[in-house]
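Report on one structure; see the data block that follows.
Quick note on labels: first sequence line is chain A, next is B, and so on, each numbered from 1. Hydrogens, waters and symmetry mates play no part in the numbers below; they use all other heavy atoms, side chains included.
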Protein chains: 2
Amino acid sequence: MGTRERIIDVALEMFNENGERAVTTNHIASRLGISPGNLYYHFRNKQAIIANLFDRYEQRVLEILALPEGRVIETQDKLRYLTDVFNELWAYRFMHRDMEHLLSADPELHERYRGFFSHCLRQIENIFLALSGAGILSADEQDCQDLALNTWIVVTSWFSFLQCNLLSGDESVITQDMLQGGIYQVFSLERPYLTPDHRDDVLALQRAFIPRPDWMQRR
Amino acid sequence: MGTRERIIDVALEMFNENGERAVTTNHIASRLGISPGNLYYHFRNKQAIIANLFDRYEQRVLEILALPEGRVIETQDKLRYLTDVFNELWAYRFMHRDMEHLLSADPELHERYRGFFSHCLRQIENIFLALSGAGILSADEQDCQDLALNTWIVVTSWFSFLQCNLLSGDESVITQDMLQGGIYQVFSLERPYLTPDHRDDVLALQRAFIPRPDWMQRR
DNA sequence: CTATTATTAGAGTTATTACTCTAATTCGTC
DNA sequence: GACGAATTAGAGTAATAACTCTAATAATAG
């Protein structure tokens, strides 16, 4: 693997561990065992590394969110969407953590991010509309729009939420439970919209695949 | 007003404008027209200023979230809760923006924040339970727990969401619309749970008080 | 008025960070 | 193996940030 790729990989790893703010270019070079000069040979500056990571992230998420071609959407699809998105989000979790700063430091990236967001939001909305069309949900257009935005917010905030509210200082371990907690939480958004015909089936399916993690049942 | 209070006020102002990361103690002192030494006479370090701001924030929010004493909860209560909380959140918006870093830099604050969170979450849950008890919502215990967590996430992420996705670079102006957008969004969480008896009334009330802002109707 | 304490100024320190520059080394190709 | 280009090392720089130190000034009490 080339030096350029290794820089990106290690940068991602370190950003996720400690946040972009705490990771300097020298740290990255040092962990790689290369010189800072070498790093700057491959990247004009720190922002360029970040922009590159955003490229990867954006591409992966857009792939995941594409609607199934030539067939009707099913409940399993929703589950797959969420699992894949959450996994991807976990892999790039520093991004939403430090998003506001990253964007304010790089107007071009900010512009791209806005495009990414509105694409995603439309896509999420389409998924809800498709679920309604398939008779799984009973939600009108406005419901779907609101569901989509709530979904975006919960999904993109989930790992920050975990970090701030549940994990204590050191342990930065993500358990499968925590991922599932996020998925459960997103499903809870659509739960009241399930049609009587599908309600029991879907709920049973969800309970099987995404049981409510223990730690979510406080008291 | 004493120097100590002026430092806190100006720090809050500047943190909100540019984020805690971009505001140095020297900047704060400079805008106040005092020396850095003077600032450090009043505060041991930057974290102490932040911890102090958190004190204020925590106290105000807990006051706001208290349940009404000696009477049944009404729809207007919920509206007041949200308006007040959002105003307070706006006043301290740097906090949730940079929360993850602030907490990782100050374990003691992290501990306090976790307490604050669980208190708030319980309180929010109680509000939903009270609304259910009053026959306004039809939501069981688990629904209320899930609603509470979704509410917390949407509320605490709202201003970051705006900054990243809707505002372009310079304009950091918050319009009343944007606050209302957040309130609308939180109401959309409970909308499907409204009982038939109250549904029309509540929706009419909400439409009057928190119309969906124009910019939320994309396309 | 004096002694003590609280407050402030402002220069200075230490550490860090993003980034540059030059010289060396490796690599691919003929 | 020679030659140009790509890659790398590593010392160095300029800027910045958090914080310290000392001395001066104000405020207060007796």
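Residue-level contact check: B:Gly2 touches neither bases nor backbone, having no heavy atom under 4.0 Å from any strand.
The side chain of A:Tyr41 contributes no N or O atom lying less than 4.0 Å from OP1 or OP2 of D:dT8. In this model, the phosphate group of C:dC19 is not approached by any side-chain N or O of A:Thr25 to a distance below 4.0 Å at OP1 or OP2. For A:Thr24 and C:dT16, the shortest distance from a side-chain N or O to OP1 or OP2 is not below 4.0 Å. Between A:Tyr40 and C:dC19, a side-chain N or O to OP1/OP2 separation shorter than 4.0 Å is present. Close to C:dT8, at under 4.0 Å from its OP1 or OP2, lies a side-chain N or O of B:His42.
Under 4.0 Å is where a charged nitrogen must lie from a carboxylate oxygen, and between A:Asp106 and A:Lys46 no such pair does. Using a cut-off of 4.0 Å between Lys/Arg side-chain N and Asp/Glu carboxylate O, B:Arg93 and A:Glu100 are scored as not salt-bridged.
A:Phe43 places its CZ atom 12 Å from the P atom of D:dT8, with the value rounded to the nearest Å. Whole-Å rounding puts the A:His101 NE2 to C:dT17 P distance at 14 Å. Computed from coordinates, the A:Lys46 NZ to D:dA15 P distance equals 20 Å when rounded to whole Å. Rounded to a whole Å, the CZ atom of B:Arg21 is 16 Å from the C1' atom of D:dA18. As a whole-Å value, the separation of A:Leu32 CG from D:dT7 P is 16 Å. One can place CG of B:Asn18 at 12 Å from P of D:dA17, the figure rounded to the nearest angstrom. Here the P atom of nucleotide C:dA18 and the CE atom of A:Met14 are 11 Å apart, to the nearest Å. A:Ile50 has its CD1 atom 12 Å from the C1' atom of C:dA18, to the nearest Å.
The 5' end of DNA chain C is approached more closely, in terms of each residue's nearest nucleotide, by B:Asn38 than by the other of A:Val23 and B:Asn38. Heavy-atom distances to DNA chain D give each of A:Asn26 and B:His27 a nearest nucleotide, and the one nearer the 5′ end belongs to A:Asn26.
Within 3.5 Å, a donor on the side chain of B:Ser35 pairs with an acceptor on the base of C:dA9, or the reverse.
Each of B:Phe116, B:Tyr92, B:Phe94, B:Phe15 was compared with B:Phe54 under the ring pair (Phe, Tyr, Trp, His ring centres under 6.0 Å) criterion, and only B:Phe116 meets it.
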Original post:
What do the steps show when you test A:Asn150 against B:Ser188 for side chain to side chain donor-acceptor pair (under 3.5 Å), and what is the final call?
Top reply: CA-CA 9 Å; A:Asn150 284 327; B:Ser188 81; 3.0 Å; yes
Subject >> Verdict with reasoning, A:Arg60 to A:Glu63, per salt bridge (Lys or Arg N to Asp or Glu O under 4.0 Å) >> reply: CA-CA 5 Å; A:Arg60 285 283 299 131; A:Glu63 272 170 38; 3.4 Å; yes
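Looking at the side chain of B:Pro36, the nearest of the listed nucleotides D:dC19, C:dT8, C:dA9 is D:dC19.
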